[in-house]
Every structure is written in C-alpha cells, then in structure tokens.
**Q** 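Questions regarding the structure given below will be posed in turn.
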Amino acid sequence: MTAPTEARRVVFHVDLDAFFVAVERVLDPSLHGKPVVVGGSPDGRGVVAAASYEARAFGVRSAMPMARAVRLCPQLVRVRGSRDAYRRASRAVFGLLRELTPRLQKVSIDEAYLDLSGQPLVAGRAFDTALRLQQQVRERFRLDLSVGVASNRLVAKVASGASKPVGVLEVLPGQEQRFLAPLPIRKLPGIGPATAERLHGLRIQTLGALVDADPRRLEAHLGRDVEGLQMRARGIDTSPVRPAQPDALPKSISHETTFPVDRSKLSYLEKRLAELLHATASRLREREAVARTVSIKLRLTDFTTLTRDRTLPHPGREDADFLPTARQLLEDLLDGRTPIRLLGVKLAGIERGAWQPALFEEAKPARTSD
DNA sequence: GACTATGCGTGTCCGT
DNA sequence: ACGGACACGC
C-alpha cells in the first residue's frame, strides 16, 4: 500500500570526488598517491581546475593560480586534462546511476540529483542504497563519489559536501535546520563570496545566525530575496528533481580566452575574435540551432570586465551572420591602446534551427532540414 | 581573507 | 533589450 500523497521525499546528491584528477588516475595509475592538479596552461596565467587530496594538503585549491599552487607545492604534478575524457566518464557513471532511477538530474559534469521518493531501497534504507551505489561506481569505474541524502535537493547537496571524500551523509527528515545551523554561511548554495562578505559585515557567520537575523536588516544590506534566503538557511527547498529534456538546447554558448600577455592591437584582437566566434558558432551548428544575440566580453589589465551585446533582427547560424556585429561591438570598445587581458564571445537567444532560406541566396544550395 | 596572482563555461537576477 | 554582478562547477 502506497499512500496516495507520499509527502516524504528522498533526494540524493551525488558528487564525484576530485573528478578530473580521478579520471586522470584511471588513465595513468602512476598518479595515485601524488599531489596532482589538472589545470590551465603552464604559461603562468593558468589556474587549478581540480586538485587531488594530496595537493589540497599543501593548501592547493580549485581556481587558484597555477603559479601559486606550484609555490605551495613544488613537487606538484600538473596534468593538462582532457574535457572529452571527463565527459565520457561522466556519461558512463550517470548512465549507471540512471538504472537506479530515471528521475536523475545532471547538474554538472560530476554532479547529479536523484529522486528516490517511493522507490524500493536497499534494506529499506536510503543510506544503504547510497553506500551500494558508491560501491558499484568504484568497482565499475574506479571512481570515488560522495552522496548526500535528504528530503530535498538543497540539504542533500550540503550533505554531500560535508561528507566528502568518499562519504555518505543522511540528514533525517525534521533534522534539516539543526544540521545546517552550525555551518558557515558559505556552505549554503547561493551564498558566494560577495553575499558572504556582506553577511560577515553584519556579524553573521553561521546559517543559524542567518535564520535568526532580522529580515529587514538583511534587506537593507542585501536587497534581494531575503525571504527565500532565510528559508534556504532553514533547509526548506521544494524545487523538484527535473530530468533534463533530451532535446533541450543551452541558453547560451560561449568561448573566451585569456592571452599569455595583455594585447592592445586591434588587428590581433580581431583575429582572435574571429577564431572565438568560429568555435562558438560551430557548436551552435552542431546543435542544429540558431542564435539571435551576439555578445563580446573584454577584461582589462586591472580585471575590469566589460560586456556588450546586440540582438540581431534575424537569428543566424553562420560565422558571417555574427562576425560583423561582433567586430562592431569590439571596435566600439577599443582604442587600440588599452591592453586587453581576455576576450570572449557568446551567442544567446538560441532556438531550434528552423530558419528562412535567404530569398536571393545564390550558389549555396538551400538546406531543407525543416 | 588577502594575495607576487586571479581560467573557462553557463545560468540567473537586478537595475535601467 | 542591455550591461553588470554574482554564483556555481571543475
């Protein structure tokens, strides 16, 4: 007998441990036991994308400049990394997890939520099911993962983080607020460096303190969605686990690059702009999609970041549909003297690739895929 | 939490 | 529609 309205939700947050490094170790077992990072180019401007726990023991962290990581840990082993291998490994692992339930939402290359509400569980216990899953992935793929088990996504996510590495942590229904209260505010998804800084200014360090804070005082300093923030700090979250639509299109596609040294010459920047645009539009075409908005991004030496976008009268898909606009946006921002650190291109307003064949187009045979 | 430094890609929200 | 800030993952 199943209750017609089963209120109790069971949500897993599954998170692969040091994922890029773990995949590299499968490919090259000699990397085991060593401080390893996967990360950017060795040109001095790269950053750490993933660090092994041995490297973390030296203070090496994700997003840390590679130069600094090497200073902290001179024997650091650096691996360039291959997105493609990670994508394949990710697909394999989550394919296995999908056998447990199709109600699986992949949220990044190494993370997914599973909704096991009303599912049969190992020994009737969610915790044992999580352990089993962890064990299966280790046997099949030699990859470690951590699982947070809770009555909602938010708490499951915090729990998996707290259990890392190779952990399983279940927060029982009713215990959500108690579990979160002692944690630093940064542990709550949605509180990043900027919000944390403002809260610290109000002497709020823990999620318990955030729950207890006067909402009007918070409003004055944060401005936005304070009510939702406090609800989340109490562990309340009703967002559903939503399996991705197989045919879903991304909202935007972008590429950006940081130059080995800052560059100011227009000719150089336009060349790179065309390359970035080509890479971006190629991916758009792979998806058989079109885009309406083209956007460029510049970062100056002092890290000032500027973006400019323009929406086209008609959606496009070829490089040539976007390049003049992208070039115009770039030229409007440049004086040929300002050194530029980073250049980026983004296409947005993406839709299925139904487009009007140009009325007077010659030579190129009109494609007829719709 | 600052810093000899600070990548890449995607998404959301806010103010105008 | 646009520009920026912020957040998140690795």
Side-chain angles (χ1 to χ4, degrees), chain A residues 13 15-24 37-52 59-72 79-83 85-87 89-90 106-112 154 157 160-161 184-198 200-201 205 222-225 228-229 232 248-260 262 276 279-280 283 292-313 329 332-333 341-350:
Chain A
H13 180 256
D15 194 331
L16 291 150
D17 298 330
F19 179 54
F20 291 177
V21 170
V23 174
E24 295 297 339
V37 291
V38 173
S41 46
D43 67 15
R45 297 178 94 151
V47 299
V48 175
S52 72
V60 173
R61 294 288 179 273
S62 265
M64 177 179 282
M66 193 61 82
R68 175 145 185 248
V70 172
R71 233 178 295 130
L72 287 169
V79 183
R80 254 331 206 97
S82 134
R83 282 264 162 202
Y86 308 150
R87 224 170 268 135
S90 172
K106 196 171 160 175
V107 289
S108 76
I109 197 162
D110 81 323
E111 267 184 278
L154 174 73
K157 163 111 174 146
S160 76
I185 50 178
R186 273 307 308 267
K187 300 288 182 189
L188 194 75
I191 299 186
T195 306
E197 201 51 45
R198 274 175 233 168
H200 287 154
Q205 312 283 347
L222 302 180
R224 68 189 227 310
D225 194 20
L229 187 66
R232 294 163 61 76
L249 287 174
K251 304 261 197 307
S252 66
I253 300 175
S254 65
H255 280 279
E256 61 187 51
T257 185
T258 298
F259 307 131
D262 297 359
L276 287 164
T280 310
R283 288 177 55 206
R292 293 209 56 168
T293 303
V294 53
S295 159
I296 68 156
K297 171 165 154 183
L298 289 182
R299 180 166 291 152
L300 311 183
T301 306
D302 68 358
F303 250 68
T304 304
T305 304
L306 305 166
T307 64
R308 290 292 183 272
D309 34 276
R310 184 167 299 162
T311 300
L312 306 173
L329 292 170
D332 290 350
L333 282 174
R341 176 185 180 88
L342 168 148
L343 179 62
V345 171
K346 173 164 82 170
L347 295 174
I350 293 175

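No hydrogens, no waters, no symmetry mates; every other heavy atom, side chains included, goes into these values. Letters A, B, ... mirror the listed sequences (proteins, then strands); counts begin at 1.
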**Q** Roughly how many Å is it from CG in A/Leu347 to P in B/dG9, rounded to a whole number?
**A**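 Rounded to whole Å, this separation is 13 Å.
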**Q** Looking only at heavy atoms, which two atoms of A/Lys106 and A/Ala112 are closest? And how far apart?
**A**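 The pair with the smallest heavy-atom distance is CA-CB, 3.9 Å.
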**Q** Please tell me which of the listed nucleotides, C/dG9, B/dG11, B/dC8, lies nearest to the side chain of A/Thr258?
**A**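 Nearest listed nucleotide: B/dC8.
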**Q** Where the side chain of A/Lys251 is concerned, which of B/dA5, B/dG1, B/dT12 is the nearest nucleotide?
**A**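 The closest nucleotide is B/dT12.
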**Q** Among A/Arg308, A/Arg310, A/Lys346, find the one that has a side-chain contact (heavy atoms from CB on, under 4.5 Å) with A/Ser295.
**A**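 One option only clears the test, and that one is A/Lys346.
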**Q** Measuring only the C1' atom in each nucleotide, how far is B/dA5 from C/dG3? A whole number of Å is fine.
**A**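 About 27 Å, rounded to a whole number of Å.
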**Q** Is there aromatic stacking of A/Tyr86 against C/dC10, centre distance under 5.5 Å, plane angle under 30°?
**A** no
**Q** Please tell me which of A/His200 and A/Val48 maps to the more 5' nucleotide of DNA chain B, matching each residue to the nucleotide holding its nearest heavy atom.
**A** A/His200
**Q** Find the distance A/Arg198:CZ to B/dC14:P and express it as a whole number of Å.
**A** 12 Å
**Q** Polar atom pairs between nucleotides 2-4 of chain B and protein, under 3.5 Å, N or O only, would you list them?
**A**
| residue | atom | partner | partner atom | Å |
| --- | --- | --- | --- | --- |
| B/dC3 | O2 | A/Arg68 | NH1 | 3.4 |

**Q** Send over the distance from A/Leu16 CG to C/dC10 P, rounded to a whole Å.
**A**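 The answer, rounded to whole Å, is 9 Å.
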**Q** Any base atoms under 4.0 Å from A/Leu276, or only sugar-phosphate, or nothing? Heavy atoms, all strands.
**A** nothing
**Q** With A/Phe20 as reference, evaluate A/Val38, A/Asp110, A/Val48, A/Val79 under the side-chain contact (heavy atoms from CB on, under 4.5 Å) test and give the passing residue.
**A**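 Considering A/Val38, A/Asp110, A/Val48, A/Val79, a side-chain contact (heavy atoms from CB on, under 4.5 Å) with A/Phe20 is found only for A/Val38.
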**Q** Picking from B/dT6, B/dT10, C/dC2, which would you name as closest to the side chain of A/Arg283?
**A**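 Within the option list, the nearest is B/dT10.
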**Q** Considering heavy-atom distances to DNA chain B, does A/His255 or A/Asp302 have its closest nucleotide positioned more toward the 5' end?
**A** A/Asp302
**Q** Which nucleotide, C/dC2, B/dG9, C/dC10, lies nearest any side-chain atom of A/Asp309?
**A**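 Per side-chain heavy atoms of A/Asp309, the pick is C/dC2.
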**Q** Check whether any side-chain heavy atom of A/Arg341 sits under 4.5 Å from a side-chain heavy atom of A/Thr258, and report yes or no.
**A**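 Yes, close enough: below the 4.5 Å cut-off.
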**Q** From the set C/dG9, B/dG7, B/dA5, return the single nucleotide nearest to any side-chain atom of A/Val47.
**A**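 Shortest atom-to-atom distance from the side chain points to B/dG7.
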**Q** In whole angstrom, give me the gap between the P atoms of B/dT6 and C/dC2.
**A**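 Looking at atom P only, B/dT6 and C/dC2 are 33 Å apart.
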**Q** Ignoring the backbone of A/Phe303, work out which of C/dC10, B/dT6, C/dA7 is nearest its side chain.
**A**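 For the A/Phe303 side chain, the nearest candidate turns out to be B/dT6.
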**Q** If I take atom CD1 in residue A/Ile109 and atom P in nucleotide B/dC8, what distance separates them, rounded to the nearest angstrom?
**A** 17 Å
**Q** Quick one: pull up CZ in A/Arg292 and OG1 in A/Thr311 and give me the separation to the nearest 0.5 Å.
**A** 6.5 Å
**Q** Measuring from the side chain of A/Thr311 (C-beta onward, heavy atoms only), which nucleotide among B/dC8, C/dC8, C/dA1 has the closest atom?
**A**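 Of all the options, the side chain of A/Thr311 is nearest to C/dA1.
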**Q** If every non-hydrogen atom of A/Leu329 is compared with every non-hydrogen atom of A/Val294, which pair is closest and at what distance?
**A**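 Reported closest heavy-atom pair: CD1-O, 3.8 Å.
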**Q** Rounded to the Å, how far apart are A/Arg61 CZ and B/dG1 P?
**A**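 Roughly 16 Å, once rounded to whole Å.
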**Q** Can you check the distance between B/dT4 and B/dC8, where both ends of the measurement are the C1' atom (answer in whole Å)?
**A** 23 Å
**Q** Toward the 5' end of DNA chain C, which comes first, A/Arg308 or A/Ala63, by nearest nucleotide?
**A**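 This one resolves to A/Arg308.
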**Q** Tell me which nucleotide among B/dG7, B/dC8, B/dG9 gets nearest to the side chain of A/Leu342.
**A**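 The listed nucleotide nearest to A/Leu342's side chain is B/dC8.
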**Q** Starting at atom NZ of A/Lys346, determine the distance to atom C1' of B/dT10, rounded to an integer number of angstrom.
**A** 8 Å
**Q** Tell me the closest heavy-atom pair linking A/Leu154 and A/Pro189, and the distance in Å.
**A** CD1-CD, 3.7 Å
**Q** How many angstroms lie between atom CG of A/Asp17 and atom OG of A/Ser52, to the nearest 0.5 angstrom?
**A** 12.0 Å
**Q** Quick check: closest heavy atoms across A/Val60 and A/Ala51, and the distance to 0.1 Å?
**A** CG1-CB, 4.0 Å
**Q** Could you give the CD-to-P distance, from A/Glu256 to B/dT6, as a whole number of Å?
**A**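 A/Glu256 atom CD is separated from B/dT6 atom P by 15 Å.
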**Q** Can you tell me which nucleotide in B/dG9, C/dA7, C/dC10 comes closest to the side chain of A/Pro193?
**A**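 Taking heavy atoms from C-beta onward, the closest nucleotide is C/dA7.
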**Q** Nearest to the side chain of A/Arg310 - C/dC10, C/dC2, C/dC6?
**A** C/dC2
